[in-house]
> 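Mind looking over this structure? Questions follow.
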There are 2 protein chains.
Amino acid sequence: MSARRSAGPTLKDVAAIAGVSYRTVSNVISGKAPVSAATRARVEAAVAELDYRPQLAARQLRVGRSNLLTLSVPFLSLPYFAQLAHAVVTAAEAVGYDVVVDETHGDPERELRAASGYRTLLSDGILLSAMSIGDEELMAARGRTPLVVLGERIRAARVDRVVVDSVTSTRDATAHLITAGRRTLGFLGTVPDASSGAAAADLRLEGFRTALRAAGLEADPRHLLEVSPWDQRSPDGDYSREEGHARVRALLAGPGGLAGLDGLVCANDLLAIGALRALREAGVDVPGRVAVVGWDDAPESAYTVPPLTSIAPDLGELARLAVASVLRLVDDPESPPRVEQAPYRLVPRASAPLIP
Amino acid sequence: MSARRSAGPTLKDVAAIAGVSYRTVSNVISGKAPVSAATRARVEAAVAELDYRPQLAARQLRVGRSNLLTLSVPFLSLPYFAQLAHAVVTAAEAVGYDVVVDETHGDPERELRAASGYRTLLSDGILLSAMSIGDEELMAARGRTPLVVLGERIRAARVDRVVVDSVTSTRDATAHLITAGRRTLGFLGTVPDASSGAAAADLRLEGFRTALRAAGLEADPRHLLEVSPWDQRSPDGDYSREEGHARVRALLAGPGGLAGLDGLVCANDLLAIGALRALREAGVDVPGRVAVVGWDDAPESAYTVPPLTSIAPDLGELARLAVASVLRLVDDPESPPRVEQAPYRLVPRASAPLIP
DNA sequence: GACCCGGGTTTCAACGTTGAAATCACGGGA
DNA sequence: TCCCGTGATTTCAACGTTGAAACCCGGGTC
């Protein structure tokens, strides 16, 4: 026997029981038109009896809205994106929207498909956290669905974006180390090829350099630690704890060892957590000998040994701005693109105390 | 000026350009009916020219499927649920489904709403990870939408479930400590009120006790550490690092102190991570004096100090089983409910070595 | 040469909802 | 008494797609 379509009562079924036209039932449910108290009561009873639920597909077909947003991120399993997803779901819910989560695994093809709205045809808007694709590709691939880009990888002026300023935030983090008296600073997380790598990392490196310049310092090239190129098969990408661990261990094992390094700025918290482990394994005191700062303020960063000083982006605000932006585009597709900034703050912890 | 509906070309638009009936365009796209090579080419050209995308709402209305599943979890920001969401999205994608993520915050009302399918009317099935509601409530609230429950909180026979065996897994973890020579064991994560608390925690406690009994041991009641009741406002629930930290600190500060405790089984990794911090702060050597095991194998657990021994549920398999179950229900709503088990394994790390 | 077959294509209707406009009931004002 | 207005309700059509069935046409078959 073939599986029948799951029936489900319709407006007409409810109407039949309540003894009214199905349009009246619709009126009761939507509240758009006035309905007498008596009929309203009858209709509501019938709705309850049948456990009627409006069929969103039909409604969407009629009104052209699905009240669904798509959030596209590389990996939901990374703390940053998990937090982001949490924030976006919360922000969307506050305005009556649900969120479809799409994972791109950092695959350029999947990111393009996400930008085009391919798998998500029924969503009213797309929030895309890009990791592999560039401006031109994005602009070429985007479809009619309103799109807001999260993060600084994309810099095209013609698309809406919500960002946290990587340059100034990392500058602040670096300045924090300098204020604490650190003079020989390193950066963990440079990327081999600027075009294929994560742009945010470049910007953070730029912020690092800006702070050094402002203090009249310069970084030893040996202290700019490059991470491995992106690997599709790795579930964690190249900004992982493993990568941080491996890079710092390599530095320690290298000819110069630490070579006087007394402060390490990491492109994100996971790298920093890996770095902490490598330093600990080598018996290097943190923060005594080397101070460490991260970027993300992952929940676990308050529980590392020592607790990690980090840049905490305001993801709640980021999500609210992003949702507001995309809904603005839904209302008015002609609305000119904007770039909005979400705030951040430096969270000082023991890995980089102000008094050394 | 009112915002116009975002137009978007339809089958008819494509048909007009290609010079065929719109039904033929549909045939080309669905591939259900044979189409000559010539017309296929013309249609495909027209599709490309207009950048046509089928309107899923209309398709869904017609065929009664949305190819959308809803995953409902308490908090996406907790590592376990983030990993779970990742696994579910991946498993769903493999069979052509997208996933809508719903966060309940552990709110019973929201869990019931999720079970009923209220906010997710257009999804073909629901995967619910319940935290607050019980069997009867769930059975009363569930609607027509196929539902699969994840986890052991719900024990009703009349609903499909996919679980990881909490009792035997925690028994294994406890036995691991006993094998390593630990004799005075404690459990972190008992819940004050069995009915309102997390059932998984009860089962894990049961597994803990089973292992003790099998070894002829008994737990000192002082070593059964109860966590605070669930608090809606806390973003992390009662199974948090903070809670683990606070409870173990309280034990250490109490009259008996550790009182000989040499092994601690934790209901999840976050509690264990908090416990590790409290022990470290008090100068208690782990694993020298106290061995610690967790449950979850959160990614960060490999990077704690010392690295945490943990039970690793196979979430990939869990997700695949869950998706398969719910799709089976979609195909055949009458299909009798099943309970399926996902495997787990013990991941030994330094916090609980076999040789003390 | 009439008939059938089947690939290719089209016509028709329906999925469940809502905007727009028509209809109805009723009471108050002229 | 008649008309109007307003609140309440209904009729009508349409959103874009697909299942079912009809249609068309050229090539065998007898």
> Tell me: CD of Gln60(A) to P of dT18(C), nearest whole Å?
13 Å
> OP1, OP2 of dT18(D) versus side-chain N and O of Ser26(B): anything below 4.0 Å?
yes
> Show me the donor-acceptor pairs, under 3.5 Å and distance only, between side chains in residues 41-50 of chain B and residues at least two apart or in other chains.
unit_1	atom_1	unit_2	atom_2	d
Arg42(B)	NE	Ala18(B)	O	3.0
Arg42(B)	NH2	Ala18(B)	O	3.2

> Going by the rule side chain to side chain donor-acceptor pair (under 3.5 Å), which residues pair with Ser72(A) if we only count those two or more places apart in sequence or in a different chain?
Asp102(A)
> How would you list all residue pairs meeting salt bridge (charged side-chain N to carboxylate O under 4.0 Å, His left out) that involve residues 317-330 of chain A, not counting sequence neighbours?
Asp160(A)-Arg328(A), Glu317(A)-Arg320(A)
> Which residues pass the side-chain contact (heavy atoms from CB on, under 4.5 Å) test with Ala342(B), sequence neighbours left out?
Val164(B), Leu318(B), Leu321(B)
> Among the candidates dT18(D), dT18(C), dG16(D), find the nucleotide nearest to the side-chain atoms of Val63(B).
dT18(D)
> Would you mind reading off the distance between Arg65(B) atom CZ and dG16(C) atom P, rounded to a whole angstrom?
15 Å
> Between atom NZ in Lys12(B) and atom P in dT10(C), what is the gap in whole Å?
14 Å
> Using the 3.5 Å cut-off, write out each protein N or O paired with an N or O of nucleotides 12-14 of chain D and the distance between them.
none

> Can you tell me the distance, in whole Å, between the CG atom of Asn67(A) and the P atom of dT17(C)?
16 Å
> With sequence neighbours excluded, tell me which residues meet side chain to side chain donor-acceptor pair (under 3.5 Å) with Glu103(B).
His86(A)
> Rounding to an integer number of Å, can you tell me how far Leu61(B) CG sits from dG19(D) C1'?
13 Å
> Which atoms of nucleotides 5-8 of chain D (N or O only) lie under 3.5 Å from a protein N or O atom, and what are those distances?
none

> Taking for each residue the nucleotide of DNA chain C with the nearest heavy atom, is it Val20(B) or Ala58(B) whose nucleotide lies nearer the 5' end?
Val20(B)
> Round to a whole Å and report the spacing from CD1 of Ile29(A) to C1' of dG16(C).
11 Å
> If you fit an axis to the five pairs at each end of the helix from dG1(C)-dC30(D) to dA30(C)-dT1(D), how big is the angle between those two axes, to 10 degrees?
70°
> Just how far is it from atom OG of Ser26(B) to atom CZ of Arg59(B), taken to the nearest 0.5 Å?
8.0 Å
> Restricting to non-hydrogen atoms, name the atom on Pro146(A) and the atom on Val326(A) that form the minimum distance, rounded to 0.1 Å.
O-CG2, 3.9 Å
> Which residues satisfy the side-chain contact (heavy atoms from CB on, under 4.5 Å) test with Arg142(A), sequence neighbours excluded?
Met139(A), Leu147(A), Val159(A)
> Restricting to side-chain contact (heavy atoms from CB on, under 4.5 Å), what partner residues turn up for Glu137(B), sequence neighbours left out?
Leu112(B), Ile133(B)
> With Glu340(A), which residues qualify under side chain to side chain donor-acceptor pair (under 3.5 Å), at least two apart?
Ser325(A)
> Looking only at the side chain of Asn27(B) (C-beta and beyond, no hydrogens), which of the listed nucleotides dT9(C), dG16(D), dT18(D) gets closest?
dT9(C)
> Judged by modelled atom types alone, do Asp124(A) and Tyr97(A) share a side-chain donor-acceptor pair under 3.5 Å?
yes
> In whole angstrom, what separates Leu56(B)'s CG from dC15(D)'s P?
18 Å
> Could you say whether Arg59(A) or Ala33(B) is positioned toward the 5' end of DNA chain C, judged by the nucleotide with the nearest heavy atom to each?
Ala33(B)
> Give a yes/no on whether any side-chain N or O of Thr24(B) is located under 4.0 angstrom from OP1 or OP2 of dT9(C).
no
> Between C1' on dA21(C) and NZ on Lys32(A), what's the gap in Å once rounded to a whole number?
17 Å
> Looking at Ser21(A), I'd like to know whether one of its side-chain N or O atoms comes within less than 4.0 Å of OP1 or OP2 on dT10(D).
yes
> So, using side chain to side chain donor-acceptor pair (under 3.5 Å) as the criterion, who are the partners of Gln83(A) when residues are at least two apart?
none
